[in-house]
Amino acid sequence: MAHSPGLLAVVRSEWIKFRSVRSTVIGTLIMLILTIGIGLLIGLAVKGHLASMNPVERASLDPIQVATGGILFAQFAVGVIGALVITAEFSSTSIRTTLAAVPNRLQLITAKGIVLSSVLFVVGEIACFIAYFDGALIFHGTIAALPPLTQGRILQAVVLGGVYLTLMGLFGFGLGLILRQSAGSISTYTSLLLILPILVFLLPSSWQNTITRYEPSVLGQAMRSTTGVLRGGTPVFSTWASVAILVAYCVVVMGAGVVLMQRRDA
Amino acid sequence: MISVEHLTKRFKDTVAVDDLSFEVKPGLITGFLGPNGSGKSTTMRLILGLDQPTKGRTLVNGKPYHALAAPLREVGALLDAKAVHPGRSARNHLLALAVSNGIATSRVDEVLDFVGLSSVAKKKAGSFSLGMSQRLGIAGALLGDPPVLLFDEPVNGLDPEGIRWIREFFRKLADEGRTVLVSSHLMSEMAVTADQIIVIGRGKFITSGSVDELTKNAAGTVLVRSTNNAKLSAILKDAPASVNEINDEGMRVSGLTAEKIGDLAFSAGIAVHELTPERASLEEVFMDLTHDSVEYTQSEKGTN
Ligand SMILES: Nc1ncnc2c1ncn2[C@@H]1O[C@H](COP(=O)(O)OP(=O)(O)OP(=O)(O)O)[C@@H](O)[C@H]1O
Ligand SMILES: [Mg+2]
């Protein structure tokens, strides 16, 4: 009797799937381009206004946030990629072919999660380091000059940029596991990132300050912050508390996805 | 070998499979026959562990599907030819399947060649015609050279040449000693394809047997001509049988065997001039067997 090919075989299979469809490959490229390109544009815009900034503005300027600002756009790309990894299988019903080959659903989700997070982490880190070096070039010799990577806080901020993109990809993947359809998952993901902050904005300002720090993209900015506050003075959680909260979001969403996947018919 | 044991599957208000039990044996082509919505596809999904049974269980080679170490090496299935990511090439689709079950990648080109898709292996599966998709599905089912194979309505979308090809292919698989389960809602199709037929209706087991057995057991009619048709007709109706008068010369009798009719005529002193058993056609047998379930499906739910 044949012995089980195991998790590694399923990971290799999922890697073949990931790289053999246009949507995931292009999505990954878009994430790379957005992180670098938007960072570049924001950097140039900020540089042009450095002279006209008032002292308060200048004090709250965190150049590493500016350099990695493209993440605020790239986070939508990773959410879409994460969701598509599973929802594309449901919409084409190829999930049945997949599950007939890999009946262990937890193993399948684990393999998909490993492939997704590996790709997003590697490409996310590449994107964030390039964005850092672009920022360093742009702000070289100005009052907003970026400290070198050898400075711990800076290296940490850059690395956590890639970590943030990876975690948000897994968050989108979890939504996909729960909702099973691309449009629903992507619009839910987008709403959580875009609409929720608008709703919070309608609340009394004392509440805003409490709630805003829990928003995923604010957690992401806190992870990259070297000043401990956002522009405009919004208080945020510490770096590692932010990482922990974001990880907790992913665990909850993915956990629900795994449970539903185990229970439901394919 | 496939065993289905007291299998029941309920979807909200529909009982798709109802206490169904049967076995599928190796070396034969087994037809899985039932009208639309009778639960064939659901049963196959349950065998593959895609749906959870409400009650009962299914075993493949004595094991539940999820307990198979490398399922593609033990079971090959084609449920839905379009169950492929439309944006992935045929070759990459098969490659991912092969790798997940530790099957040599050289096997991918072998099966592509076998189903005649080598020249379009790099094309996206979404661009395939239904016939090509069927072939890709068959390639996927064959990847692991499995001893058990399941096909759900495999002739759908095939042209006559394709249908002949697939029949010969099933025969070859069965001759190699494999277990082959093929579903269809067409008795005529099964009659020329299958050795053994399992008939279900409304999720329930109705009957099983070879094509010959099914037609033999089914209520056929007997054409009778005698010296006194009117008297014999009265005697037969009392027997009781149902008698269709065709004309003065003869009548068509159902519900009695030719032997019995001859005996009854003899004891009444009527000379019989003709006594011809007429076999029910396969399609008639099937309609007869599944009559109730068809009515149910049409009145309560349009299904697919
Ligand atoms: N996922 C589902 N949810 C709800 N009802 C379902 C589901 N799948 C099947 N059914 C119902 O179960 C019954 C059996 O359907 P199934 O598809 O198994 O029949 P079938 O014999 O394959 O029919 P056909 O010959 O049309 O393919 C039908 O009434 C169908 O509507
Ligand atoms: Mg069906």
Side-chain angles (χ1 to χ4, degrees), chain A residues 1-27 81 84-112 114-115 176 180 182 259-266, chain B residues 9 11 41-42 44-53 61 63-103 105 122 124-126 136-137 140-141 143-144 146 150 152:
Chain A
M1 196 96 312
H3 68 98
S4 174
L7 180 64
L8 190 63
V10 185
V11 169
R12 284 181 55 214
S13 164
E14 287 302 324
W15 167 235
I16 293 170
K17 286 189 188 171
F18 189 95
R19 63 178 165 77
S20 63
V21 287
R22 204 184 283 171
S23 50
T24 36
V25 173
I26 290 189
I81 298 167
L84 281 181
V85 162
I86 185 74
T87 57
E89 293 235 20
F90 278 102
S91 61
S92 65
T93 71
S94 66
I95 188 69
R96 289 182 177 161
T97 310
T98 300
L99 286 175
V102 185
N104 183 338
R105 297 181 182 192
L106 184 59
Q107 191 181 58
L108 180 74
I109 295 170
T110 308
K112 280 186 183 292
I114 288 173
V115 169
R180 295 176 156 210
S182 310
V259 169
L260 288 172
M261 187 77 178
Q262 301 273 29
R263 286 205 190 145
R264 291 196 287 210
D265 293 339
Chain B
K9 177 66 183 179
F11 296 108
S41 300
T42 305
M44 288 187 157
R45 287 202 306 276
L46 288 160
I47 293 171
L48 295 177
L50 297 172
D51 287 11
Q52 309 268 358
N61 298 329
K63 286 191 222 160
Y65 194 85
H66 63 81
L68 302 174
L72 296 186
R73 291 172 181 272
E74 302 202 42
V75 187
L78 169 57
L79 293 199
D80 174 5
K82 289 284 177 192
V84 176
H85 191 298
R88 187 172 288 124
S89 74
R91 193 170 187 286
N92 279 328
H93 167 72
L94 294 174
L95 195 62
L97 284 178
V99 165
S100 73
N101 273 240
I103 296 163
T105 52
K122 294 215 166 90
K124 287 180 180 171
L136 178 57
L143 263 182
L150 275 75
D152 195 7

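Per chain, numbering begins at 1; letters A, B, ... match sequence-line order.
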Peer 1: Any idea which of B:L78, B:L48, B:L72 has the most non-hydrogen atom pairs under 4.5 angstrom with chain A?
Peer 2: B:L72
Peer 1: Using the test side chain to side chain contact (heavy atoms under 4.5 Å, CB included), find all partners of A:T24 that sit at least two apart in sequence or belong to another chain.
Peer 2: A:F18, A:V21, A:I81, A:V85
Peer 1: Who among B:G140, B:G102, B:S100 has the most heavy-atom pairs with chain A under 4.5 Å?
Peer 2: B:S100
Peer 1: So which heavy atom on A:S13 is nearest to which on B:V99, and how close?
Peer 2: N-CG1, 3.6 Å
Peer 1: Which atoms of B:L95 are under 4.5 Å from chain A, going by heavy atoms: the side chain, the backbone, both sets, or neither?
Peer 2: both
Peer 1: Considering heavy atoms only, which positions within residues 91-101 of chain A lie below 4.5 Å of chain B?
Peer 2: A:S92, A:T93, A:S94, A:R96, A:T97, A:L99, A:A100, A:A101
Peer 1: With a 4.5 angstrom heavy-atom cut-off, could you sort out which part of A:Q107 is near chain B: side chain, backbone, both or neither?
Peer 2: neither
Peer 1: Let me confirm one number: the CG-NE2 distance from A:L84 to B:H85, rounded to the nearest 0.5 Å.
Peer 2: 7.5 Å
Peer 1: Quick one: what part of B:N101 sits under 4.5 Å from any heavy atom of chain A, side chain, backbone, both or neither?
Peer 2: both
Peer 1: Sort out for me which of B:K124, B:K82, B:Q52, B:H66 touches chain A most, counting heavy-atom pairs under 4.5 Å.
Peer 2: B:Q52
Peer 1: Side chain from CB out, backbone as N, CA, C, O: work out which of these in A:R263 comes under 4.5 Å of a heavy atom of chain B, or both, or neither.
Peer 2: backbone
